[in-house]
Structures are given as C-alpha cells and as structure tokens.
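Whatever order the structure lists them in is the order used to number ligands and atoms, beginning at 1. The structure displayed is predicted, hence computed values, not measured ones. The analysis underlying the following values was restricted to heavy atoms, covering all of them including side chains, and did not include hydrogens, waters or symmetry mates. Along the sequence shown, the residues carry numbers beginning at 1.
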Amino acid sequence: MKELVTSILSDAITTLKSDGILNNDITPTIQVTHVKDKAHGDLASNLAMMLAKSAKCKPRDLAESIVKALPQHHGITKIEIAGPGFINFFIDDNWLTNQINEAAENFSKLVEKTRRPQTVVVDYSSPNLAKEMHVGHLRSSIIGDAVVRTLEYLGHKVIRQNHVGDWGTQFGMLLAHMEQIVKQHPNDSFNLGDLEIFYREAKKQFDDSTKFADRSRQLVVKLQSGDDYCLKLWKTFRLTSLNHCNSVYAMLNVSLNSQDVRGESDYNNDLQNIIDDLEKKNLLTVSDGASCVFLDEFTNQEGNPLPLIVKKADGGFLYATTDLAAIRYRQQKLKANHLLYFVDQRQSLHFQQIFKVARLANFVDKTTQCEHMGFGTMNGDDGKPFKTRTGGTVKLVDLLNEAKTRAYTTVKQKNPDLTEDELRKIADVVGISAVKYADLSKNRTSDYTFSMDAMLSLQGNTAPYLLYAYTRIASILKNSNVETHELKFNSIHLKQEEEKQLAAKLIRFNEVVNRVADKGSPHLLCTYLFELSSLLSTFYEKCHILKAEDAATKMSRLKLVVLVAEVIKQSLSLLGIKTLDKM
Ligand code: ARG
C-alpha cells in the first residue's frame, strides 16, 4: 500500500511540475510511513515539508496543491492534511478485502513480476581455493544467494559468478610442498586426502622458510606461464577444493554449482590485453617500473594520489587486473545491465577503483550499473572476528555441524516421541536455517556478534521462531479437517482490527521483495517476516479460528492464515531456507 501511495504521490509531482508549481529538475525521494494512531489515517507522507523550500511556499499550502493534484484511487477513502503539512491517507477496507481475496485466489497476484527484466551478473561466495571454506565465506555466500533468488523471483535474468581465487600464491605453496613430498618418497602414490592439512603444512613451511617461500613464488610463475606438470597438479588441487565448496553449498542450500565457477585462472589469457587496452586509452602511468592507473579522486591519508597497480615491475598481474578482465567479460560476453558484487566491505576501495577504471576504459556501458554490496564482519563475543578458542579460523563445516547437533538436542527435548530419522531431518533444517537466518536478518553493512544460543532460540527474530509459526499453521489446518481446496468456496472477511492488520501486512509482501532486490538487503525480508509473525500471534490471541463464532468466520480465518503460511514459505525460500511441516 505504501507503494500505491508513493506512486500516486509521484503522479502528483509530475502534474505540479507541468503546472509550474514545482521545479522541473527536482526528483525527490518520496517517503511514506505507517501511522501508529489509526484515527489519523493509515499512511502519511512528509513530501510537502520536504519540497516546500524549493517550491518557495508554506508546507501546508504545498500539501494542499499536492492533494489537489493526486489522482483518485479506489484504495484510498480519505486524505487529510495534518500538523505542519503531513498528508495522511485512509485506506479503504473493501479495497483491502478485495486485494487479500485476490491474493488468496492466486498467490502470484501478491508479487508483480518486473516490467523491465535485466541481466544481472552477481559475483558471490568467491572463496580463495586451496583451503577449506571458513566462517568468513558465510556472508557472501548466503546474502548473495538470497538476493539472487529474489531477483530471479521478480523475473530478472541472473548470471551467477563464483569468482574463486584459484591462481595465486597459495597454489605455489601447494606445488612446492608436493614437490618436496615427491622428492622424499618418489615411489609412493599420493592421495590428497585432506587438502586442509596439506595446505596447513605448506603454509607453515612458507612462513618458516624463505627458501620454501621463494620456491613457491617460482612455481606460481611457472604455473602461470603454462608449465604442463604444474598445471596438471594444479588441476587436482583445484578440483579437490571445488568439490569441497560444492559440498558446503549443498549443506547450506546455496544455489551455486560447478557451472557458476569462473575463477581468476579463467582470465589469465586476457590480462595482457587489459594492459594493452589501458595503454591505448592513455590511462597507464609507469611508476617505479609498475604499470598504474592514477585517478584524481583516490588519494592516501597524506593527500598523495593513490594508484591502482595493474602490472607489477616483475611483470606479474594483480587481483585488480583480473577484476578488470572480469568486469569487461561480464559486460561484453555476458551482456550484463547490472553488476553486483557481494564482497567484504573491506574491499570497498578496490571496487571503487575498479568501477572507475572500467568506466574510463569503456569496459562497461554507460547505462550498466555496478554495485559493490559490501558486508560487515561476523564477530565473536570479544568483538573481534569470530575464531576458534585457540584463535584459529573456524571451518564452515564445523560450525554448521555444531549448529545441527545443538538443534538436535533442543528438538529432542521438545519432541521425545519423534523417530531418530525424523529428529535428524528436523534438526538439520533447524540448525542450518538458524545460522543462515541469524546472518541474513542483520543489516548487511553492519558487523554482528555470532551467538549460537540466540540463533537457536524459539523466541525473537530467529529461524526456529518462524519455522514454528509455519508449522503451527500447518497443524491448525490439519486439526480443522478442512482441505485447502475447500477454502476456494469461501472468501476472507476482515472484521477485527487484527485481521485487517494481518491482511495489510500480507499485501505489502510485494513492496518488501522489491526492496530486497533493489538494495541487496535480505534483512528487510527478515524484518518483514518477524513483523508478520508477530501480527499472527496477536491475531491468534484475539481471533479464534477453530472455535470461531460461525462457519464462515472459521473458513475466512483459515484462509487468511493459509495465506500467511504461503508468504512465510515463499519468503524463506527466497532466503534459501527450507520449511518443515512439523518440528
Ligand atoms: N577471492 C576474494 C577473496 O577471498 C574475493 C573475490 C570477490 N570477487 C571479485 N570479483 N573480486 O577476498
């Protein structure tokens, strides 16, 4: 409904512009908020106050002009001007009833597909290979995935890009370590087994011995120049590591698979072309032997210009060079209209520089939008990035397994009668959802403190709370002895305030889904879900369903909660979270 009010306000602005009351070059962000006290209406806007100054008139006078210019709408019964110039809107109950019945008849009416489908290339997860995925990879993988699912749901074409780090120093370390082992035991066949242990041994040597470190660097150069033996080993390391990632994605219900991998190594042959192209476009400066792009807007703390280095003095290419090749590929080959990068906030400068250089070099079209969807850090109780008790990085698999085990204990306590098989299935969903939801429900850009207790709680804005709200509806429906198809013959009547509030919330689903897509912020959907479930609880307290005063009311309320269940299920599915029929 906010959307409705926003859209008619925007019509009014257009009218006032052509009437000469408003200046043609203003493009205000229209703010519409919900009114607490229903006596003053349902929605309000401060638009007149915002624009009064530029329109050179009193806010209340401008409010009157806006109201006069507003087109008629069935959903709105009354419009009032209040206080210093607020415009208050009263929503028509009949209209709401119609909307909610239409949605109940046909769920797709609740969310409008986009009228302008875009090709959106989304870079997410993108771990550095060779070691196991750790908690630092969680946010990118699940936030990116939730936004990808939402964009697809709205009808956009999404191309996933898992820009794995598969070409750097870490592979030189593995190669050097392997070389040693083969030297020491030339006749043994080698089973890679646990890549993580292998990586840790290599890393230790790399840190302890300069000789080993030098050899590692030599081997990277050898690998990157196409040495057959190095390439062959590299392929094995890479595949083992990717298989591990895929099993984590499956565990996390993240919709990435092998086809979405386009890693750093894939751009290897394009890197020199990027340099040549930048050179041709007069964007390169050689500084201390390194090829750099200097941009006026980037300076260091001393105010000196900050270069984006694209080729080192020794001829090596960098992370930035690969990203320039990647952005050009996404534009030219994948034909993106919109590029999203779900990458740690700490890489913000890197992306600002990449986007700027890409524009100057025409690697992206003028109309293509590039956005770094940065995210904050997951911290431990001490406010520092989450670590194991001994200070090591926490493997993602370990964290997820612990969540499952903890969920198992809780579920078993609550439902001692479940079979072992059922228990496991439920605990797996609850455990994984709890971790995902706790993360997704936090504002993307803020840091947050990881708490296994809080995320597994049945109270508050948690996955277990929402999963429970869903199963409760399922069980009410079961106890009603009404089949869902029978609900078709009845309509929803909104009599009590709690029913209206619930219905009004439901029809805002569209607006929320669109905002998640626009802002790349799944937490908005989580907040919505929590508010919806809270309204559902109030509704249960005030409105009986199975013991309703008459059969029509019972059917109406059942139909309403079934719609709530559908919205919960669809929302959770956009967040990459599965629902349960019982828990
Ligand atoms: N592999 C990088 C890291 O772990 C993230 C890559 C993000 N994507 C990109 N196109 N740079 O920090």
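- For the pair Leu252/Val435, no side-chain contact is recorded, criterion being any heavy-atom separation below 4.5 Å from C-beta on.
- The aromatic rings of His177 and Phe198 are tilted relative to each other, their planes meeting at an angle between 30° and 60°.
- In this structure, Arg330 is not positioned above the aromatic face of Phe363 in the sense of NZ or CZ being under 6.0 Å from the six-membered ring centre and within 45° of the axis.
- Protein residues having at least one heavy atom under 4.0 Å from any atom of ligand 1 are Asp123, Ser126, Asn128, His163, Tyr319, Asp323, Tyr341, Val343, Gln347, Phe351, listed by chain and number.
- Two residues are said to be in side-chain contact when any heavy atoms from C-beta on lie closer than 4.5 Å; Val111 and Asn510 meet this criterion.
- Lys356 forms no cation-pi arrangement with Phe351, by the criterion of a distance under 6.0 Å to the ring centre and an angle within 45° of the ring axis.
- Between the CG atom of Asp323 and the CD1 atom of Ile354 there is a distance of 5.0 Å, given to the nearest 0.5 Å.
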